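Have a look at the structure below before the remarks.
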Amino acid sequence: MLVYYGAEYPTCWHVIEPAIIRDPTTHAIMGLKKIFIHLSSNQTIEVGVYSNIFNILNKEAVAYDFCILKPQNPNHILFPFLKVGNFNNLHEGQEVYTCGYPLGLPQQFISKGIVSTKYLDTSNKINNNGVVTPMPRNQALLDITLNKGNSGGAIVKIGATPNEDEVVGIADFIINPIGGNAETLAELLKKSSGGAFLGGIDTNLLFANIIQVLDNSSIGISGCVSINHALDGFAKL
């Protein structure tokens with residue numbers, strides 16, 4: 001995850017989702033576990049989530065998969081920031097790059113590729129207690145390698161000089177042959193594990209682990225969400 005504004009840290013909603021404490025019965029948000037950002041300078045910063053993200057922006061944050069974190073220390077030192085651009089000015093065929101910690105690497109890893117397709121995902125929707133709300137989302141498919149650990153990173157449009165580089169999207173998803181069925185398949189196999197062994201190995205558990213590995217691995221097709229969605233949300237905070 002990179003610094004965009006100098007004091008705020010945009011990322012994906014699904015990145016901070018595991019830190020959300022929910023009521024086990026109603027699934028209502030009850031609180032938030034502590035979240036820390038570890039910097040390349042070996043500093044560790046505790047961050048929180050703007051309350052409006054949970055209050056007035058929750059639907060947008062979930063549907064457009066963004067979250068804006070803020071330092072908990074009011075004396076937080078500002079950092080150099082990346083210039084924020086406009087997703088509408090991004091064109092198919094343009095070069096982009098991103099930086100993250102794919103597959104748990106301790107070092108930052110930079111990937112570069114091109115924008116393959118820009119489109120409005122009209123199938124995007126959220127389900128809130130059985131109420132389905134369509135939430136069309138601007139996004140792009142990228143010919144760039146992303147893996148688990150890249151989510152929330154800046155998708156940067158390459159300019160004529162580094163000073164003209166612009167953040168136009170947030171790294172959000174990968175596409176692979178397993179698709180959206182991986183989690184369901186893995187859970188089914190885990191629940192049925194213990195019934196079949198081959199050479200002392202639980203085959204169902206083995207297949208579940210293989211599916212999860214494939215689900216987190218890129219074949220070079222990935223996607224980002226428009227930075228405009230996060231900017232619109234940021235303006236309401």
Side-chain angles (χ1 to χ4, degrees), residues 1-16 35 37-41 45 47 49-50 52-53 57 60-71 76-102 107-121 124 137-174 218 221-237:
M1 180 172 57
L2 300 179
V3 180
Y4 302 170
Y5 297 94
E8 282 76 30
Y9 301 82
T11 187
C12 291
W13 180 265
H14 77 258
V15 171
I16 64 101
I35 301 174
I37 293 176
H38 185 71
L39 306 176
S40 58
S41 62
I45 298 174
V47 294
V49 176
Y50 281 97
N52 283 349
I53 291 286
L57 283 181
E60 288 85 354
V62 173
Y64 303 138
D65 202 12
F66 73 85
C67 185
I68 301 171
L69 306 174
K70 61 176 181 177
H76 173 63
I77 299 174
L78 300 183
F79 292 91
F81 57 88
L82 293 170
K83 181 181 178 181
V84 180
N86 189 327
F87 184 78
N88 296 329
N89 295 333
L90 178 68
H91 304 294
E92 295 172 353
Q94 286 190 305
E95 284 191 316
V96 292
Y97 69 87
T98 190
C99 182
Y101 299 87
Q107 296 84 21
Q108 291 181 348
F109 187 86
I110 296 176
S111 299
K112 186 176 80 169
I114 64 169
V115 177
S116 175
T117 308
K118 282 182 63 181
Y119 63 104
L120 179 68
D121 182 8
N124 192 55
R137 187 171 81 172
N138 286 303
Q139 56 191 47
L141 292 179
L142 312 172
D143 180 13
I144 189 172
T145 300
L146 299 181
N147 288 288
K148 183 177 181 180
N150 280 114
S151 292
I155 297 297
V156 183
K157 181 180 72 172
I158 299 177
T161 67
N163 289 333
E164 296 177 34
D165 291 355
E166 294 181 341
V167 179
V168 291
I170 301 177
D172 188 69
F173 60 91
I174 62 176
S218 173
I221 306 174
S222 56
C224 71
V225 176
S226 167
I227 191 64
N228 296 23
H229 292 306
L231 290 176
D232 291 343
F234 186 78
K236 298 176 183 178
L237 296 176

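Because the structure is a prediction, the values reported are computed rather than measured.
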Item checked: Test item: L142 and C224 side chains (from C-beta on) under 4.5 Å apart, heavy atoms -> yes

Next item on the list: Taking all non-hydrogen atoms of both residues into account, name the closest pair between G85 and N228 and its distance.
Entry: O-OD1, 4.5 Å

Notebook entry, point to check: With no hydrogens and no angle check, do the side chains of Y97 and D165 hold a donor and an acceptor under 3.5 Å apart?
Noted result: yes

Notebook entry, point to check: Does the side chain of I174 reach to within under 4.5 Å of the side chain of I221, using non-hydrogen atoms?
Noted result: no

Note to self: Show the nearest heavy-atom pair for residues N88 and H91, with the distance to one decimal.
What the structure shows: O-CE1, 4.4 Å

Next item on the list: Show the numbers, then the answer: is there a side chain to side chain contact (heavy atoms under 4.5 Å, CB included) between E60 and D232?
Entry: CA-CA 10 Å; E60 288 85 354; D232 291 343; over 6 Å; no

Notebook entry, point to check: Looking only at heavy atoms, which two atoms of V49 and C67 are closest? And how far apart?
Noted result: CG1-SG, 3.8 Å

Next item on the list: State the CG-CZ distance between L231 and F87, to the nearest 0.5 angstrom.
Entry: 12.0 Å

Checklist line | Heavy-atom check, side chain of Y9 versus side chain of P71, under 4.5 Å | finding: yes

Next item on the list: Identify the residue among E92, R137, Q139 that makes a side-chain hydrogen bond (donor to acceptor under 3.5 Å, both in side chains) with Y119.
Entry: Q139

Check: If you take all heavy atoms of Q107 and Y101, which pair is closest and at what distance?
Finding: O-CD2, 3.6 Å

Next item on the list: Can you see which heavy atom on S151 is nearest to which on D172, and at what distance?
Entry: OG-O, 3.9 Å

Checklist line | Short N-O contact, K157 and E166, less than 4.0 angstrom | finding: yes

Next item on the list: Could you tell me whether the side chain of F66 reaches within less than 4.5 Å of the side chain of I227, counting heavy atoms only?
Entry: no

Next item on the list: Kindly indicate whether the side chain of L146, heavy atoms from C-beta on, has any atom under 4.5 Å from the side chain of T98.
Entry: yes

Check: Roughly how far apart are D65 CG and C12 SG, rounded to 0.5 Å?
Finding: 4.5 Å

Notebook entry, point to check: What is the distance from atom CG of N147 to atom OG of S222, rounded to the nearest 0.5 Å?
Noted result: 9.0 Å

Margin query: Quick check: closest heavy atoms across I155 and I170, and the distance to 0.1 Å?
Written below: CG1-C, 4.0 Å

Next item on the list: Ignoring hydrogens and angles, tell me if any N or O in the side chain of S111 forms a donor-acceptor pair with the backbone of I144 under 3.5 Å.
Entry: no

Next item on the list: Indicate the ring-plane relationship of H229 and Y64, choosing parallel, tilted or perpendicular according to the 30° and 60° boundaries.
Entry: parallel

Next item on the list: Could you tell me whether the side chain of L69 reaches within less than 4.5 Å of the side chain of T11, counting heavy atoms only?
Entry: yes

